[in-house]
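Proteins get letters first, then strands, A, B, ... in listed order; numbering begins at 1 in each.
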4 protein chains.
Amino acid sequence: MQTSDKRTHILEAALDLFTELGFHGTSTAAIAKKADVAVGTLFHYFATKEDLINALYLEIKIRMRSRLTAGLDRAGNTEERFGCLWTSSVRWIQEKPREIQFFRLFGASPNISQATREQGMQHFAFIFDVIEQGKKQGMLKDLPTDLLMEFMMSSLSSTQSYFFEHPDHIHDPDVKRRIFEAIWDMIRKK
Amino acid sequence: MQTSDKRTHILEAALDLFTELGFHGTSTAAIAKKADVAVGTLFHYFATKEDLINALYLEIKIRMRSRLTAGLDRAGNTEERFGCLWTSSVRWIQEKPREIQFFRLFGASPNISQATREQGMQHFAFIFDVIEQGKKQGMLKDLPTDLLMEFMMSSLSSTQSYFFEHPDHIHDPDVKRRIFEAIWDMIRKK
Amino acid sequence: MQTSDKRTHILEAALDLFTELGFHGTSTAAIAKKADVAVGTLFHYFATKEDLINALYLEIKIRMRSRLTAGLDRAGNTEERFGCLWTSSVRWIQEKPREIQFFRLFGASPNISQATREQGMQHFAFIFDVIEQGKKQGMLKDLPTDLLMEFMMSSLSSTQSYFFEHPDHIHDPDVKRRIFEAIWDMIRKK
Amino acid sequence: MQTSDKRTHILEAALDLFTELGFHGTSTAAIAKKADVAVGTLFHYFATKEDLINALYLEIKIRMRSRLTAGLDRAGNTEERFGCLWTSSVRWIQEKPREIQFFRLFGASPNISQATREQGMQHFAFIFDVIEQGKKQGMLKDLPTDLLMEFMMSSLSSTQSYFFEHPDHIHDPDVKRRIFEAIWDMIRKK
DNA sequence: CATGAATGAGGTTTCATTCAT
DNA sequence: AATGAATGAAACCTCATTCAT
């Protein structure tokens, strides 16, 4: 096992256990064991258990960002760009359900510091640009940008929750289209 | 202090502390102290800390239900009924922010048992009725009922987040109307 | 249930639970529940849990005494009298195994006070008399009386253990005779 | 203090306290303190308080076995061999009274598991051989082997109890000889 | 006499973190 | 960089006992 592997193994084990058992339900010893690493090693890479979960939070935010931005600049108008974001996030649900569950559990948790939360937010600044542009082009409702942002993010997480509960619907293109249209109806200008 | 008071005091103290510090961040000793009750008394009413949070979850679900259903039958068509629900829940946000925060924190938590979750769901069967009826009357989109439910619930929490950041807007009827319209656009049949 | 019944019910429940789970393994609440009595009632009859087990100890010593002394005065010489004691105690093993187990568990336990132990001893003074008399008549070995007592008591518990493992032998008069002879050989003067 | 020392210190402290105060009368904190070790260390070596007492039980059984077998093969006939066992066990009383007391207290205790008890029994299989040989040589009564085993073991423990209560007699060779003769009379063929 | 809700000290066990190797 | 034995504070929960009814 290479050196930098260990850090990754620890993060991966932590993701598994935190989503399954919660933050305090998971001991650092359990994480170390699952990562096949000594406890001391865990504390070599992360000074604190809190540090570990905060690092994990950012790590997943970054992974999410690179998924969402992939192919985004090839999309033309705002509807297509928002559709691209939405499609990417649905694909994320299929491929990395644990990462979704992680945000469902720790999105509002006091274990994630305010600083981390703000840092995570910065990785999503690009969505503000999409919205501002949409409003300028007259495609989005004339609502405050941060409210539209809220709407977009929360509709993504509704979609995620729904597919999380109904994994069988995830490959039905008709359902997917109708879900997207509903969300789009919420923010588009009529 | 009357006998049944103690149970209520414990639940209230638990609500405060769980929302502030999380489940494991709150000790049973701290709850008992805040409730002005001996630790043993806490365990007299709730066999387990997990039992306590599950009882609390149900308690708040029930409170929420009675708020949401108040005046609901006086509303006419589906738009009015959903408007009534939305207005009630905005009022809930203002009056009982801790209860909202509780669900944000523990809605997906492994500390709430599946059995409790299902029991809690039953108290909201009436919303399913509202949705089903709306779909029959052709006022709501032809989407799965629980997806519409997700949309409604998550749009509520977006609303909360927004009003939390902009408390000055909470009494502006124009903003409120436009927000409601956007949400309504998401679920109404065009 | 009559008043004095409750005391008896409590003692009986305590006997069951103490022998099964040990002194500290048994809670006063559990005893009260098994006795079908309120906790307060238990403490009405026995000021303390220690008081309860001490009372139980004496109670069983007394029951044991009346079993052992039954028919004892009709026996002639020391061998017959010791035989009578041995037969009675084999019958005791069959009929009240929990009482035997109680002494196996608490005979040396620090939960029984020295005072109680001495009081219990007094109920068995008659065995000392049997032994003293046997020594005077030259039928028993010239060993310290309390050693002979030890031998007699421990040979009883060996007998018990053996019959517990081989319940089919318990009604075989030949086996019983040979066991008694061996024990008698130990203490008789040659 | 060396690493393996700590385990031993804990066992030794546990032996002292359990025999003095009983199982539940002794807290793990007290054991750790007496062993000059942190509580966590105790639980590092023994997962459970029950594990600890079971380990202690086996440890003492093993120590007892090596005492009893010492010099056993140099003894000639069965009387000498049994005498050797008896003498060793009397010496054990003088040297390790706490270990004797431990078995007096916990020999029948529900805190010792059946599995542990059986494992402990295996260390005493060699006594069966002594008995079988004695029966073949016509020196022992024609009683079931396991009954003779019971008799031998319980007479050893009677002896121990007696000397435990009368430590002053332990150096009187005359008393010792007469006690041994009595026990030998019980099992020898006449 | 009888009840059982209420108490809070104290018990066992867990676990994040350290540090000598 | 990596290890894992050692730590001890603190957590959850139990339970003997009291007392107002």
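The shortest distance between the side-chain N/O atoms of C:T28 and the OP1/OP2 oxygens of F:dA16 is below 4.0 Å. Checking the phosphate oxygens (OP1, OP2) of E:dT14, no side-chain nitrogen or oxygen of A:K49 falls inside 4.0 Å. Between B:K33 and E:dT7, a side-chain N or O to OP1/OP2 separation shorter than 4.0 Å is absent. One finds a side-chain N or O of A:Y45 lying less than 4.0 angstrom from the OP1 or OP2 phosphate oxygen of F:dA2. Between E:dT14 and A:S27, no contact under 4.0 Å exists linking OP1 or OP2 to a side-chain N or O.
The CD1 atom of C:I31 sits 17 Å away from the P atom of E:dG4 (whole-angstrom rounding). Taking atom NE2 of C:H24 as the reference point, atom P of F:dT17 lies 10 Å away to the nearest angstrom. Look at CD1 on B:I10: it is 13 Å from P on E:dA5, rounded to the nearest Å. Distance D:F18 CZ to E:dG11 P: 13 Å, rounded to the nearest Å. Look at CG on A:D36: it is 13 Å from P on F:dA2, rounded to the nearest Å. The nearest whole Å value for the distance from the CD atom in D:E50 to the C1' atom in E:dG11 is 14 Å. Rounded to an integer number of Å, the gap from NE2 of B:H44 to C1' of E:dA6 is 7 Å.
Distances from the side chain of A:K6 to the nucleotides E:dT3, E:dT13, F:dT3 place F:dT3 closest. Nearest nucleotide to the C:V39 side chain, out of F:dA5, F:dT7, E:dG4: E:dG4. Residue A:F43 places its side chain closer to E:dT17 than to any other of E:dT17, E:dT3, F:dT17.
With C:K61 contributing its side chain and C:Q119 its backbone, the two residues share no donor-acceptor pair below 3.5 Å. Checking side-chain atoms of A:N111 against main-chain N and O of A:F106 turns up no donor-acceptor pair under 3.5 Å.
The one candidate from C:F102, C:F23, C:Y57 that meets the ring pair (Phe, Tyr, Trp, His ring centres under 6.0 Å) condition with C:F18 is C:F23.
A 4.5 Å side-chain heavy-atom check between D:Y45 and D:V37 finds every atom pair outside the cut-off.
Contact detail for C:G22 and D:P110: the closest heavy-atom pair is N-CG, 3.9 Å. Closest approach of A:F164 to A:P97, counting heavy atoms only: CE1-O, 4.1 Å.
Nucleic acid contact class of B:T41 (heavy atoms, under 4.0 Å, all strands): base.
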Worksheet, complete the sentence: Each base of DNA chain F marked ( ) or [ ] if paired in-strand (Watson-Crick or G-U under 3.5 Å), | if paired to another strand and . if unpaired gives .||||||||||||||||||||

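Nearer to the 5' terminus of DNA chain F, by closest-nucleotide assignment, is the contact made by D:L42 (compared with the other of D:L42 and B:T48). Projected onto DNA chain E by closest heavy-atom contact, D:F23 and C:G40 fall at different nucleotides, the more 5' of which corresponds to C:G40.
Put simply, CD1 on C:I62 and CZ on C:R67 are 14.5 Å apart, with the number rounded to the nearest 0.5 Å.
Sorted by first and then second residue, the pairs that involve residues 99-108 of chain C and meet salt bridge (charged side-chain N to carboxylate O under 4.0 Å, His left out), not counting sequence neighbours, are C:R63-C:E99.
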